[in-house]
Each structure stands twice: as C-alpha cells, then as structure tokens.
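Please read the structure below before turning to the comments.
What's counted below: heavy atoms across the whole structure, side chains too, no hydrogens, waters or symmetry copies. The model shown is predicted, which means the values in this text are computed figures rather than measured ones. In listed order, ligands and their atoms are each counted from 1. This chain uses plain numbering: 1 for the first residue, then up along the sequence.
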Amino acid sequence: MNLKELRINKNLSQQEASFICDVPLRTYKRIENDPSYLNSYKYKNAFSLLQKYKKNNITNKSYNIAIVGAGYVGFSLGILFSTKHNVSILDINEEKINKINERTTLFKDKDAEYCLKNKSLNLKGYLVDKNIYRHQDFVVISVPTDFVNEKNGYDMTSVTNTIKDIRSVNKKCLIVIKSTCPVGFTSSLDDRNIIFSPEFLREGKAIYDNLYPSRIIIGGNKSNKKVREFASLLLDTAINAPQVIYMSSSEAEAVKLFSNAYLAMRVSYFNELDSFASQNGLDSKNIIQGVSLDSRIGDYYNNPSFGFGGYCLPKDTSELISQMKNISNNDLISSIEKSNESRKDFIVSDIISKLNKPINESIIGIYSFESKKNSDNIRHASIIDVSNKLKDLGATILINDQSEEFKNKCDLIIANRYDSSLDEVKEKVYTRDLFIRD
Ligand SMILES: NC(=O)c1ccc[n+]([C@@H]2O[C@H](COP(=O)([O-])OP(=O)(O)OC[C@H]3O[C@@H](n4cnc5c(N)ncnc54)[C@H](O)[C@@H]3O)[C@@H](O)[C@H]2O)c1
C-alpha cells in the first residue's frame, strides 16, 4: 500500500493528513505525489505517522455547547467542537455573527478557512441572548479580560455578567472559563460546576494549536463527571495525544499567567542579548545560535524583535506583576515590562543612528503593523510604540500601503518581521529579524 492508498483507507483528506504529519499541505502533497520522495525519510515518516493515526473518539455523545465571545479562542473552539456537537456562538458584535452564519472566517487562519469551506459544521451564531443558555450542557466563556491600569488588574466584568446570565436560566450546565483570569477568580465564585481551563493557542495558528495542544489543563475537580466529559471533548478535538492534567482552578489560572510571563521574559532575554551584541559590534545571530543549541535552552522562540506585543503577553505579564506585588521574591518577573520598554527605546536610538539625515527631516516607513506572520492581529504591536516614539521625535511616518510610492518615498523602512516583498528595497530596511522563518 502506498501513502495515498493508506490516507484514503483511513478516510482522510490531504489537509487532514498534512495536520497529522505536521507538514504544510503543499509539502504533504509533494510527498504523496512526487515519486522521487518514495524512499525518503519524509515519505517514511509520513507513512508511519498515518499508519499509527487513530482518531480519538472518546465521546460518542453529541452535546449542546454555547461559546460566549467569538474571538480567536471562541471561534476556533466553536469550529472544532461543531464537527461533532451542536454549537451556538454568542457575541455582542453583529458583524461577526453574520460572518459566522455565512461561514466566513473572522481572522486570518488558513486552517479555519479550510474547515469552514470543507467540513460540515453544526455551528450557529447569535447575538448575546441568555435564553440560549437554557438547553446547554456546557457553556464556554471566551470574552476579553483586558488589563486596566487604574485598577492594576483585569476587567472581569464581561466574564462575571456572562456567568450571572447563564446561572439565571441554567443552574446545572458546566461553565468553562477560557478567558485568562486572575489567580483565585474561579474559586471565589464557589460553584463546583464552574471551572477554568487555560487556552494556549497562538493567533494565526488557532485551529492548528487546538488540533495539536501542548497540554490540556483542567482547573476543576476530576471526580465531577461533567468536568471529565469536558476534558474528553477537548481530547477528542486533538489529533495528537496531549497529556491531560487536572488541578485546582487557582493552579490552572497560575499556569496560564506564568506561561505567558515566561514567553514575555524569553522575548526580552533574547532582545537584551541582541541589544548587547549590537552595541558591542558583535553578531547576535552567532551568539543566539551558540546559546540556543544547549538543549536546556532550545533553538526556538529566540528571534530578536522590537519587543513583545500582541493581545496577551503584555496584559498577562502586567496581571502577574500585579499579583506578585506582595511576594518578596519578585525581582525577575517585575522587571519584564521595564525591559520591554527599554528595548523599544534602544530600537528607536538604533534606527536614528542608521539615518543619514536628522530625524525631523526623515521619512520612515512602517512595514505592516502585523506583529506576527500569518496573523492579521495588530493589537499592541511593539512597532506601533516604536513608530509613535519616532513621530514624537519629529519623523514623518508613512504606513505601508503596498504601493511603489511607499517604497520610493521612505528614507528607511522599519519592519519587525522581514518579508520577501521587501527584497527590492532591502538596503532601506531596518529590522532585527535575524532568523527569517516560515
Ligand atoms: N488571543 C489569544 O491568543 C488567546 C490565547 C489564550 C487565551 N486568551 C484569552 O481568551 C480571552 C479571549 O481572547 P480572544 O483573543 O479570543 O479575544 P477577542 O478580542 O479576539 O474576542 C473576544 C470576543 O468577545 C466578544 N465580546 C466582548 N464582550 C462580550 C460580552 N459581554 N458578551 C459576549 N461577547 C463579548 C467580542 O466582540 C469579541 O468578538 C481573553 O481573556 C484572552 O486573554 C487569548
């Protein structure tokens, strides 16, 4: 049997096979169709992964699931749950609801687009209406929890109001909080049928990360049947076999905050390394490679940038710093934000040093506000802060509009992440993107 026959035998599309083999679709197609791959490691590896593949099919029941908040977290979970369950997604944004019902993706994510086009989804969008909660087995909450400086903590109002609405019509369903919470929030609600289960997806890879979760953390009591059922639902959507870990809701909340603060700290660490190297005329790339090949450190998530940004890392780091304020041993975590701010100042000075005119006579182009490749999310992107600082110093700022004029007019184009469309003006580009990866 060849790879194609094996895939068809397992009733898998090429897209699904590419998920299972953890290669991009175009690579999978090449492995399957190009005879020169037949004896290659890639072919054998794909064959062995498909051979071992067995769809998790832990829950045979079809549940009613409501998801509140159609963002990265809610929409991606909604798509995956609705291949098997009856899913209602609720949001306050009518435009999003219309898009869901027209089967249009809400954000750039090629796997979400694929699922919406090719899978039969039992998924319906609604404007928030508490009557919908009446007949649900599970309600997942994935509304925003923004950090509010004046309060020095998250704004939990949307989560709290949603819980009140649910419990006013349905006392029994299991409520699963996926929104990131302060440690102790879920246990303070004193309801054994409310649990916290952190979400670890990356924007732009939301579906992929739910198909291949690094772990499933359940902050709830394992002796509660509904809690175990929800864990099975998550396991069912996964293609890999992630470890499921049960713990208290407060521990699960801490897992989420400490994970994101670690990521923020790691970004800052490699950025400080890069600042050190630049200032001493050393090649950062050599140093980072040399450091990262130690398996305890790891050659990943080590590419310098203008600073960490996005929706989650800044706000979750701020929240953890706030929670650590009464802990005497908090020096490392409490300095992460400061390091990120000084990195942006360093980048601004470095940019100015590359200009061959005074800053107030310079035209600086901002290449894409997208903080991450494959993502259309610009929330709190570090390049925005850098651009504002340059503007305050008198620079004229132009935002990339894909035009030739943009490329011609700018004295310097700054890009947090490099893109091949910049090749023709490479000599004008300022970036700290040293490891250009897919
Ligand atoms: N984005 C991520 O990568 C990620 C990863 C893990 C955890 N989280 C956490 O999950 C939560 C949601 O994040 P997100 O990125 O999906 O947010 P998002 O901003 O992309 O989406 C939130 C959605 O909730 C809707 N909404 C706001 N208030 C509402 C209300 N009262 N009732 C119903 N809908 C409402 C908004 O219209 C929006 O569509 C946050 O707490 C975040 O910290 C996000």
Exercise. For Gly309, does its backbone N or O pair with a side-chain atom of Ser382 as donor and acceptor, under 3.5 Å?
Worked result: no

For this session: Using a 4.0 Å heavy-atom threshold (strictly under), name the region of Leu201 that reaches ligand 1: side chain, backbone, both or neither.
Result: both

Problem set entry | Proximity to ligand 1 by part of Thr145, non-hydrogen separation under 4.0 Å | both

For this session: Decide whether an N or O pair under 3.5 Å exists between Lys315 and ligand 1.
Result: yes

Exercise. So is there a nitrogen or oxygen of Asp91 less than 3.5 Å from a nitrogen or oxygen in ligand 1?
Worked result: yes

Problem set entry | Test item, Lys256 contacting ligand 1 (heavy atom, 4.0 angstrom) | yes

Problem set entry | Arg296 with Asp294: basic N within carboxylate O range, under 4.0 Å | yes

Seminar exercise, completed: A student checking ligand 1 against Ser158 at a 4.0 Å heavy-atom cut-off should list atoms 28 (N), 31 (N)

For this session: Just jot down the ligand 1 atoms closer than 4.0 angstrom to any heavy atom of Glu199, in number order.
Result: 6 (C), 7 (C)

For this session: Answer side chain, backbone, both or neither: which part of Arg202 comes under 4.0 Å from ligand 1, heavy atoms only.
Result: neither

For this session: Would you kindly specify which portion of Pro198 sits under 4.0 Å from ligand 1, judged on non-hydrogen atoms: side chain, backbone, both or neither?
Result: neither

Problem set entry | Carboxylate-amine/guanidinium proximity below 4.0 Å for Glu229 and Lys61 | yes

For this session: Report, as yes or no, whether the 6.0 Å neighbourhood of atom NZ on Lys151 holds more than 12 heavy atoms from other residues, nucleotides or ligands.
Result: yes

For this session: For the residue pair Phe230 and Phe138, categorise the inter-ring angle as parallel (less than 30°), tilted (30 to 60°) or perpendicular (more than 60°).
Result: tilted

Problem set entry | Residues, nucleotides or ligands: over 12 heavy atoms within 6.0 Å of Gln243 CD | no

Problem set entry | Distance-only polar pair, side chains of Ser223 and Arg192, donor-acceptor under 3.5 Å | no

Problem set entry | Contact check: Cys312 vs ligand 1, nitrogen or oxygen atoms, below 3.5 angstrom | no

Problem set entry | Test: Asp137 and Lys172 ion pair at under 4.0 Å | no

For this session: Check whether any side-chain N or O of Asp109 sits under 3.5 Å from a backbone N or O of Ala206 as a donor-acceptor pair, and report yes or no.
Result: yes

Problem set entry | Proximal ligand 1 atoms for Lys96, defined as those under 4.0 Å from one of its heavy atoms | 38 (C), 39 (O)

Exercise. For ligand 1, which part of Val143 has a heavy atom less than 4.0 Å away: the side chain, the backbone, both, or neither?
Worked result: both

Exercise. Is Tyr72 in polar range of ligand 1, meaning some N or O pair under 3.5 Å apart?
Worked result: yes

Problem set entry | Phe75 and ligand 1 - part of the residue with a heavy-atom distance under 4.0 Å | neither

For this session: Using a 4.0 Å heavy-atom threshold (strictly under), name the region of Ser142 that reaches ligand 1: side chain, backbone, both or neither.
Result: backbone

